Every structure is written in C-alpha cells, then in structure tokens.
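Below is one structure, written out as structure tokens; comments come after it.
Keep in mind it's a predicted model, so treat the numbers as computed, not measured.
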Amino acid sequence: ISTALWFDAADASTITISTGVSTWADKSGNGNNATQATGSAQPSYSATAFPGSLPGVAFDGTDDIMNVSTTAMRNTTHGVYWVWSRTSTSGLGDAYRPMIGVRASAGTGTDRGALHYVKTSNNFGASYPYYNGGSQNNYDLSSGTAYANTTGYVMAFQNNATGWGVWRNGTLEATTNVLGTPDNTNIGYSLGGQYTVARRMNGVLAEMIMVQSTDTTTRVLIEGYLAWKWGLQASLPAGHLYRNAPPQ
C-alpha cells in the first residue's frame, strides 16, 4: 500500500506542543505534516481525549484548525481513513461540522468543501468535496443512523474517476456517481474544519491515513486495523472480515 500521509495520536513523539499542537508529524515518511503557527488556533493534545481514555488531538469547534500541504491526491484515486469522535454539536459556522476540509491553491484561506460533515440539525452525514470546481453530486442525508457525541467512529472516503463513497464503521453511508478525482487546484487538507466557509468541528481526531488506492481489500484492511487499535471493532458490521479478529 502506498501511504501518502499518516497522523497517529497514539504516537506522542509525532506531536509538537507550543501553545497547543503546533505540528503533527506525518508518519508516512513523505513530510506531509499538519501545522498551525497561531497559538490560539492550535488544537490540544491529551493522552485520554478519545473515548476509552485513549490519545487524541482535540479541536475546540471555534478557531482550532491545522494545515496539511500535499499534492499526493491530484489526478489520482485515493482513500482517506480517519478515527474521530464529536465532543459537542457546538461550533463555528452553520449546521455543518467537518473534521477534514479540502484546500485549494488560491491561498491558505481557500477551501473546496470537506470529505464529510455531521449536520447539527439532525446529526446525519453529508459530503461536499468540490474536487473539480463544480457541483459533484454531493449527498446530504436526511435519514439513517445519527452520529452521537463522545462516540468513536471509523471513517473511510474513497474517490475515483467516476465518483466517491463514504463508509462509517465499515458500512457504506452514501456514494456519488460523478467525477471524484481532484485536479491541480487542490493543495491539501485542513484538520478540524474549513476555511472560507468558517466551519469547525468540536471533536477529537485520533488517527488519519491517506493511501493512493481505492481497492476494497485495502479499505477493509485499514478499517480493521483502525477499529481494533481504537477499541471500535464491535462497531463493524457482522460480515466485516475483521470484526472478530484484527488483521495479522
């Protein structure tokens, strides 16, 4: 598996503390670190922030946000996987709370939506990544299983030339059927929210992995790894390959 970036709150050696977390080092070896120079916008790190008293980087929902500069997702399929929990529905912006935003080259303050949101109006999911400068057949759920506060989730986002899909705890939440490959405008991600549409997540990010693959076997493997590492294996569906045992 070609890993493009990897943030792991369980590895305290990757966390640099200034006022808060000023740098979260990329474990992939590619140097795609998450950074924030402004002290007031730095999230906090705690060895017990994630449900189950596990490590996590906590974003306050008001001004905390980190930059990730990478062109690894340009013009190629890729999957992004993350483990997170929402602390509260409160936060800056409207009814949408994103953990991972998509950044564009017009400037640090420019965004192109997010990989996934939780709506404070009904606690269902939505996805709005504007990868190619136009509406991408986004989804905005009005039914399903609601997200809960202080509950851990394993998320998977996969894109290719024909669309993208989002999985929650190994179960497909929703999918689209239009172009989902980022173009050269995209310069990376933001952790904890979006920029120009001021939306922030009041929640905890435990781990994030990006790979240049949309293979189903790869997705299931990474879901299994993350679920067992963060105590979420019971949330995987009954038919998931790694519900009853971790990957070897």
Just by distance, do the side chain of [X] and the backbone of [Y] share a donor-acceptor pair under 3.5 Å?
X	Y	answer
Arg219	Phe157	no
Asp26	Ser28	yes
Trp84	Phe50	no
Arg74	Asn184	yes
Ser53	Thr48	no
Thr76	Met73	no
Thr77	Thr214	no
Asn32	Ala4	yes
Asn30	Thr3	yes
Gln42	Gly20	yes

Identify whether [X] and [Y] are in the same connected component of the hydrophobic contact network (ILVMFWY, side-chain heavy atoms under 4.5 Å).
X	Y	result
Trp167	Val220	no
Val83	Trp228	yes
Tyr153	Leu236	no
Ile15	Met66	yes
Leu172	Leu232	no

Between [X] and [Y]: side-chain donor-acceptor atoms closer than 3.5 Å:
X	Y	result
Tyr81	Gln158	yes
Tyr147	Arg168	yes
Asn169	Thr171	no
Thr38	Ser40	no
Asp183	Thr185	yes
Glu173	His116	yes
Glu207	Tyr225	yes
Asn33	Thr35	no

Next item on the list: Just do the side-chain contact (heavy atoms from CB on, under 4.5 Å) check on Ile17 and Tyr45 with the steps written out, would you?
Entry: CA-CA 8 Å; Ile17 304 294; Tyr45 171 79; 3.9 Å; yes
Shortest non-hydrogen separation from [X] to [Y] and the atoms involved:
X	Y	answer
Gly101	Gln194	CA-CG, 4.4 Å
Gln233	Arg243	O-CG, 3.8 Å
Ala49	Gly56	CB-O, 3.8 Å
Ala9	Pro55	O-CB, 3.3 Å
Ala58	Pro43	O-CB, 3.1 Å
Ala72	Gln212	O-NE2, 2.7 Å

Answer whether the closest heavy-atom distance between the side chains of [X] and [Y] falls below 4.5 Å.
X	Y	value
Asp140	Lys119	yes
Leu191	Ile65	no
Thr176	Asn138	no
Asp60	Asn202	no
Val21	Gln36	no
Val204	Val57	no
Asn186	Arg112	yes
Val118	Phe124	no

So how far is it from [X] [atom1] to [Y] [atom2], rounded to the nearest 0.5 Å?
X	Y	atom1	atom2	answer
Thr89	Met201	OG1	CE	10.5 Å
Ser190	Met99	OG	CE	10.5 Å
Tyr242	Ile222	OH	CD1	10.5 Å
Trp82	Phe7	CH2	CZ	13.5 Å

Next item on the list: With side-chain contact (heavy atoms from CB on, under 4.5 Å) as the test, would you mind laying out the steps for Trp6 and Met210 before giving the verdict?
Entry: CA-CA 6 Å; Trp6 180 14; Met210 175 182 158; over 6 Å; no
Check: Do you know which of Trp164, Tyr139, Tyr117 makes ring-ring contact (aromatic ring centres under 6.0 Å, His included) with Tyr128?
Finding: Tyr117
Note to self: Is there a side-chain contact (heavy atoms from CB on, under 4.5 Å) between Trp24 and Leu205? Walk through the geometry before answering.
What the structure shows: CA-CA 11 Å; Trp24 193 354; Leu205 183 60; 3.8 Å; yes
Check: Is it true that Arg200 and Asp64 make a salt bridge, defined as a side-chain N closer than 4.0 Å to a carboxylate O?
Finding: no
Notebook entry, point to check: Would Met208 and Val68 count as a side-chain contact (heavy atoms from CB on, under 4.5 Å) if you check the C-alpha gap in whole Å, the side-chain angles of each, and the deciding distance to 0.1 Å?
Noted result: CA-CA 12 Å; Met208 175 182 168; Val68 183; 5.9 Å; no
Margin query: Taking side chain to side chain contact (heavy atoms under 4.5 Å, CB included) as the criterion, tell me which of Leu226, Asp8, Leu5 meets it with Ile209.
Written below: Leu226
Next item on the list: Could you please spell out the steps behind the salt bridge (Lys or Arg N to Asp or Glu O under 4.0 Å) verdict for Asp94 and Arg199?
Entry: CA-CA 7 Å; Asp94 52 25; Arg199 294 166 172 158; 2.8 Å; yes
